[in-house]
Amino acid sequence: AVVPVVPASTPAPTPTPSPTPRPVAAWPSPAPTVTPPPEFLAPVPEEREIVRPKDPGFGSTVMLRWQQVESLQDYKGAPGPVFAYPAGINGVELRHWVRPWVGFGLDSRALTFDVAAEGVHQNRTDLMVMPQLVLRYPILGGALEPEAQLGYMGRHVTVLSTKPGDTLPFSPTQFYHGPTAGLGLRYRMLPMLSLGLQYQVLPLVGGSLFRDFGSLDYGTIFPLFQSRFTIALMFDVRPAYITLGYSDETSRNSGIGYTEVISGILLGVGLRY
């Protein structure tokens with residue numbers, strides 16, 4: 001009899017146990033760094049150095065000016081003002097700042113008018129130019145702006161007399177020149193409204209005078225002491241501005257009793273640049 005051969009059963013493989021994971025020492029993670037927005041960052045010193053202070057003043061300006069004036073002239077021995085006349089002064093006023101507090105100015109005018117008084121008829125032309133060095137220093141946040149000026153004035157007057165009088169002297173040509181000094185103050189009352197004050201003196205004005213006075217000796221009117229006072233309101237409507245004020249200009253030689261006063265309202269329209 002054939003005995004079947006039964007193969008021996010292969011024992012099932014015993015599963016190998018997985019190794020127990022060892023604990024690993026972990027360092028704590030650093031806290032995340034929060035970068036503040038740029039507007040909260042303190043400016044570096046270089047940035048503070050290149051930032052220029054805001055100009056609290058009025059900036060560089062140029063103004064066309066018109067003035068309705070009255071002129072009174074007194075001569076030695078005359079009972080009162082020799083003549084008075086209305087006239088219009090057309091001028092240009094400039095303030096240009098090359099540095100925040102340093103600049104130069106220019107004051108000029110061209111005046112033509114007729115004189116008719118005491119039997120005299122004249123036509124006069126009055127040309128004036130006055131360059132200046134100007135210094136300013138705003139204080140109280142720009143609410144007050146003091147100003148100082150140093151300059152030199154030249155003024156040329158020509159006279160065309162068509163009917164000479166018996167008591168009124170006249171000169172065909174007069175030339176005034178001399179150094180000037182002045183002080184000014186601007187007060188900003190409102191963002192668009194300011195008040196300006198200026199006082200200028202010409203301590204000793206020289207000149208030349210070609211006279212034809214007949215028997216009257218009024219030829220030596222130099223030297224003259226001159227002064228000018230101006231008060232004006234400025235309406236700031238950027239980039240333009242408007243001024244409305246009053247001006248009084250006096251020329252005097254007390255030795256011979258000669259005085260000339262030119263005063264009246266002042267209107268101006270200008271631009272800022």
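Between Arg95 and Glu145 there is no salt bridge, since no side-chain nitrogen of the basic residue lies less than 4.0 Å from a carboxylate oxygen of the acidic one. With salt bridges taken as basic N to acidic carboxylate O contacts below 4.0 Å, none links Arg109 and Glu93. Checked for salt-bridge contact, Asp126 and Arg155 meet the test: a charged N lies under 4.0 Å from a carboxylate O.
Between Tyr273 and His96, the ring center distance clears the sub-6.0 Å criterion.
Rounded to the nearest 0.5 Å, atoms CG (Leu244) and CG (Leu266) are 8.5 Å apart. A distance of 4.0 Å separates OG of Ser263 from OH of Tyr246, quoted to the nearest 0.5 Å. To the nearest 0.5 Å, atom OH of residue Tyr137 and atom CH2 of residue Trp101 are 7.5 Å apart. The distance from the CZ atom of Arg188 to the CG atom of Leu140 is 12.5 Å, given to the nearest 0.5 Å. With rounding to the nearest 0.5 Å, the separation of CG in Leu271 from OG1 in Thr61 is 9.5 Å. Note that CD1 of Ile231 and OG of Ser247 are 11.5 Å apart. Values are rounded to the nearest 0.5 Å.
Taking hydrophobic clusters as Ile, Leu, Val, Met, Phe, Trp and Tyr residues chained together by side-chain heavy-atom distances below 4.5 Å, Leu127 does not share a cluster with Leu94.
Classified by interplanar angle (parallel below 30°, tilted 30° to 60°, perpendicular above 60°), the ring pair Tyr152/His177 is parallel.
Considering Leu150, Val201, Leu202 in turn, Leu202 is the only one that fulfils the side-chain contact (heavy atoms from CB on, under 4.5 Å) rule with Thr180. With Leu224 as the partner, the side-chain contact (heavy atoms from CB on, under 4.5 Å) test is satisfied by one option alone out of Val205, Thr250, Thr259: Val205.
For the pair Asn90 and Gln67, the minimum side-chain heavy-atom distance is 4.5 Å or more. Proximity of Leu135 to Val102: side-chain heavy atoms (C-beta onward) are separated by under 4.5 Å at one or more points. Looking only at side-chain heavy atoms (C-beta outward), Leu195 and Met189 come within less than 4.5 Å of each other.
Cation-pi geometry between Arg136 and Trp97 is met: under 6.0 angstrom from the ring centre, within 45 degrees of the axis.
Heavy atoms of other residues, nucleotides or ligands lying less than 6.0 angstrom from CZ of Phe235 number more than 12.
Residues Tyr241 and Asp236 share a closest heavy-atom pair of CB-CA, 4.2 Å.
In this structure, Arg65 contributes its side chain and Ser108 its backbone to a donor-acceptor pair below 3.5 Å.
In the model, Ser251 has a side-chain atom that pairs as donor or acceptor with a side-chain atom of Gln226 under 3.5 Å.
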